[in-house]
Participant: 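Mind having a look at this structure? Questions to follow.
Hydrogens, waters and symmetry mates are skipped; everything else that's a heavy atom, side chains included, is used.
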Amino acid sequence: MTPAPTYQPPATDIYANRGRWAGHGEGKTVVVTGANAGLGFFASLALADAGARVILACRGQARAGHAMEQISARVPHADLAFMQFDSSSIDSAISLAAELRTRPPHALIANAGIIRTPKDRQPGLLGYEQAMSTNFIGHARLVGELAEHFGGPPRFIGLGSLSTRLLATDHENLDLHRDYHPYRAYAQSKAAVQAFTLALDHRLRQLELPARSLAIHPGYSISGLTPQVPQINEPGYSKRLAGQLQASFAQGKHEGAVALVEAALAPGLESAPRGTYLGPRYLSKGPISLARPVKSTRGKALQSKVWELFVQANGGLDPFAL
């Protein structure tokens, strides 16, 4: 994929990009799901520093409150709000969308999800297992509920994963009723997010809407290489040691979060090619660049299946029908 001429890749971590993003958040509201830790926290920190109003959409208010305290300590002018959101719940997606309609966001970062999937298959939404329910289906309903606002210039940012390159996705077995494995469940849920995000961007073009849907992956971002933040990121000695041993191919979450913030704020991406995908230049780490997503997530077979699931998550109605 050839980068748009106006787009210049950012520096490697959120702190080095403060000048790049300064002021680009002014007047914008950005929703970050799962913002109380990890990538979501560091993305929220950078967004607030850039002047955006950041809505931390999290399961629990207490943990979100800790995150807001830490952000405010670093960004005194931070404009922050908490809204409850459990991405494994259709009802929660409907409730969050109802709150957001009074002030539609300029960007929605679908960051919430589970990484440590259950050892055995646990039932979730619509007959799918928990990873697909939490990482994709709840966000799919949230996007559907907010579809009417895509007539403006909002951005949807879907988080794919490096795992989509490491394990093939079976589009005929997305529910994993057979051959369940925790890692397969995680990888397929992320492939679904990635395929949907790319498909939505093409659908928005077909509808001639100015909104964008941008797929990103944060590389291999781990706690052991991430700055210490009280009650947010406090890895012990063993995690720090493991991080140093993996430093040649891993990075911190403050570095992985660059892709999230860039997708939400970078003005040059407005004219980037449809199906744009942002990821580390060296696959697992490095400066963010426009890249080509794995073939399966670009393919019609997976995108069609995932779009069917999106419609199912929205009660059988296609919110972006042609």
Side-chain angles (χ1 to χ4, degrees), residues 25 27-37 40-41 43-44 47-48 52-65 67-68 71 78-114 124-126 128 130 132-159 189 192-193 196-197 200-201 203-204 207 209-214 260 263-264 306-321:
K28 297 178 180 177
T29 298
V30 182
V31 177
V32 183
T33 69
N36 55 269
F41 169 80
S44 298
L47 289 163
R53 179 175 187 258
V54 184
I55 295 175
L56 289 80
C58 309
R59 288 189 181 187
Q61 188 167 6
R63 293 187 67 188
M68 292 166 71
I71 293 172
D79 184 358
L80 308 170
F82 163 76
M83 290 186 182
Q84 200 280 331
F85 178 59
D86 177 353
S87 63
S88 66
S89 167
I90 293 291
D91 289 341
S92 183
I94 294 171
S95 296
L96 175 58
E99 288 191 80
L100 293 174
R101 285 193 188 99
T102 59
R103 188 174 176 179
H106 293 79
L108 168 61
I109 300 177
N111 167 73
I114 55 174
L125 300 171
L126 308 176
Y128 288 77
Q130 283 189 359
M132 187 66 76
S133 299
T134 306
N135 294 351
F136 176 61
I137 297 176
H139 287 112
R141 182 56 184 258
L142 181 58
V143 170
E145 290 287 322
L146 295 172
E148 62 186 282
H149 299 297
F150 279 74
R155 294 181 183 181
F156 172 71
I157 294 101
L159 268 70
S189 71
V193 172
F196 169 73
T197 305
L200 177 58
D201 204 42
R203 179 61 63 89
L204 293 170
L207 294 170
L209 296 176
R212 296 301 307 263
S213 179
L214 304 169
L260 284 69
V306 170
W307 197 269
E308 289 175 9
L309 179 52
F310 168 61
V311 171
Q312 187 182 358
N314 284 278
L317 299 175
D318 187 343
F320 296 98

Participant: Keeping the roles fixed (side chain from Arg101, backbone from Glu145), state whether a donor-acceptor pair exists under 3.5 Å.
Facilitator: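 Side chain of Arg101 to backbone of Glu145: a pair is present.
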Participant: Under the ring pair (Phe, Tyr, Trp, His ring centres under 6.0 Å) definition, can you give me all pairs with a residue in residues 83-103, not counting sequence neighbours?
Facilitator: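 Residue pairs passing ring pair (Phe, Tyr, Trp, His ring centres under 6.0 Å), neighbours aside: Phe85-His139.
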Participant: By the salt bridge (charged side-chain N to carboxylate O under 4.0 Å, His left out) test, which pairs, at least two apart or in different chains, include something from residues 81-98?
Facilitator: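 Checked against salt bridge (charged side-chain N to carboxylate O under 4.0 Å, His left out) - neighbours excluded - the pairs reaching residues 81-98 are Arg59-Asp86.
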Participant: For Ala313 and Ala140, work out which heavy atoms get closest and say how close.
Facilitator: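 Taking Ala313 first and Ala140 second, the nearest heavy atoms are CB-CB, 4.3 Å.
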Participant: Report the C-alpha distance between Phe82 and Met68 in whole Å, list the side-chain angles of each, state the deciding distance to 0.1 Å, and finish with yes or no for side-chain contact (heavy atoms from CB on, under 4.5 Å).
Facilitator: CA-CA 9 Å; Phe82 163 76; Met68 292 166 71; 4.1 Å; yes
Participant: Using every non-hydrogen atom in the two residues, find where Ser44 and Ala35 come nearest and quote the distance to one decimal.
Facilitator: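 Taking every non-hydrogen atom into account, OG-CB, 3.4 Å.
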Participant: Answer whether the closest heavy-atom distance between the side chains of Phe136 and Val306 falls below 4.5 Å.
Facilitator: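 Yes; the side chains approach each other to less than 4.5 Å.
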Participant: Could you measure the distance from the CG atom of Leu100 to the CD1 atom of Ile55? Nearest 0.5 Å is fine.
Facilitator: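 Leu100 atom CG to Ile55 atom CD1 measures 5.5 Å (nearest 0.5 Å).
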Participant: Rounded at 0.5 Å granularity, tell me how far CG in Leu159 sits from OG1 in Thr197.
Facilitator: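 Nearest 0.5 Å value for the CG-OG1 distance: 8.5 Å.
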Participant: I need the minimum non-hydrogen distance between Ala263 and Leu214, along with the two atoms involved.
Facilitator: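 Heavy atoms of Ala263 and Leu214 come nearest at O-CD1, 3.4 Å.
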Participant: Do Asn36 and Leu56 touch side chain to side chain, with heavy atoms closer than 4.5 Å?
Facilitator: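 No, side chains not in contact.
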Participant: Could you state the interatomic distance from OG (Ser92) to CG (Leu142), rounded to the nearest 0.5 Å?
Facilitator: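 It comes to 8.5 Å.
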Participant: State whether the side chain of His106 and the backbone N or O of Pro154 hold a donor-acceptor pair below 3.5 Å, judged by distance alone.
Facilitator: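 No.
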Participant: Side chain of Thr102, backbone of Glu99: donor and acceptor closer than 3.5 Å?
Facilitator: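 Judged by distance alone, yes, a pair lies under 3.5 Å.
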Participant: Can you tell me how far the CE atom of Met132 sits from the OG atom of Ser88, to the nearest 0.5 Å?
Facilitator: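 Taking CE in Met132 and OG in Ser88, the distance rounds to 14.5 Å.
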Participant: Does any N or O in the side chain of Ser189 come within less than 3.5 Å of the main-chain N or O of Asn135, such that one atom is a donor and the other an acceptor?
Facilitator: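 Such a contact is absent between Ser189 side chain and Asn135 backbone.
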Participant: Quick one: does any side-chain atom of Thr33 pair with a main-chain N or O of Ala57 as donor and acceptor, under 3.5 Å?
Facilitator: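 No.
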Participant: Report yes if some heavy atom in the side chain of Ile71 is under 4.5 Å from a heavy atom in the side chain of Val54; otherwise report no.
Facilitator: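 No, their side chains stay 4.5 Å or more apart.
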Participant: May I ask you to test the Leu108-Ile157 pair for a side-chain heavy-atom distance under 4.5 Å?
Facilitator: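 No, their side chains stay 4.5 Å or more apart.
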Participant: Might you work through the side-chain contact (heavy atoms from CB on, under 4.5 Å) test for Tyr128 and Ile137, ending with a clear yes or no?
Facilitator: CA-CA 9 Å; Tyr128 288 77; Ile137 297 176; 3.9 Å; yes
Participant: Please tell me if the side chains of Val311 and Glu308 come closer than 4.5 Å, counting only heavy atoms from C-beta onward.
Facilitator: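 SC-SC contact between Val311 and Glu308 ruled out.
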Participant: For the backbone of Pro105 and the side chain of Thr29, can you confirm whether one donor and one acceptor N or O come within less than 3.5 Å of each other?
Facilitator: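 A pair under 3.5 Å: no.
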Participant: At their closest point, which heavy atom of Ala112 faces which heavy atom of Ser87, and how far apart are they?
Facilitator: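 Taking every non-hydrogen atom into account, CB-OG, 4.0 Å.
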Participant: Heavy-atom count around Glu148 CD within 6.0 Å, excluding the residue itself: above 12?
Facilitator: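 Yes, CD of Glu148 has more than 12 neighbouring heavy atoms, counting only those of other groups under 6.0 Å.
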Participant: Determine, stepwise, if the pair Leu200 / Trp307 fulfils side-chain contact (heavy atoms from CB on, under 4.5 Å).
Facilitator: CA-CA 9 Å; Leu200 177 58; Trp307 197 269; 4.0 Å; yes
Participant: To the nearest 0.5 Å, tell me how far Leu47 CG sits from Lys28 NZ.
Facilitator: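 If I round to the nearest 0.5 Å, the distance is 10.0 Å.
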Participant: Assign the ring pair Phe310 / Phe196 to parallel, tilted or perpendicular, where the plane angle (0 to 90°) is split at 30° and 60°.
Facilitator: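 The rings of Phe310 and Phe196 sit tilted, inter-plane angle from 30° to 60°.
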Participant: Is it the case that the ring center of Phe320 lies less than 6.0 angstrom away from the ring center of Phe150?
Facilitator: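 Ring centroids of Phe150 and Phe320 are less than 6.0 Å from each other.
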Participant: With side-chain contact (heavy atoms from CB on, under 4.5 Å) as the test, would you mind laying out the steps for Asn111 and Leu260 before giving the verdict?
Facilitator: CA-CA 9 Å; Asn111 167 73; Leu260 284 69; 4.1 Å; yes
Participant: Dump the intermediate steps for salt bridge (charged side-chain N to carboxylate O under 4.0 Å, His left out) on Arg203 and Asp318, then the final yes or no.
Facilitator: CA-CA 11 Å; Arg203 179 61 63 89; Asp318 187 343; 3.2 Å; yes
Participant: Using side-chain heavy atoms (C-beta onward) and a distance below 4.5 Å, is Asn314 in contact with Arg141?
Facilitator: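 They are in side-chain contact.
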Participant: Answer yes when Arg155 and Asp201 have at least one side-chain N-carboxylate O distance shorter than 4.0 Å, and no when they do not.
Facilitator: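 The answer is no: the pair does not qualify as a salt bridge.
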Participant: How many angstroms lie between atom OG of Ser133 and atom CD1 of Ile90, to the nearest 0.5 angstrom?
Facilitator: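 The distance works out to 8.5 Å.
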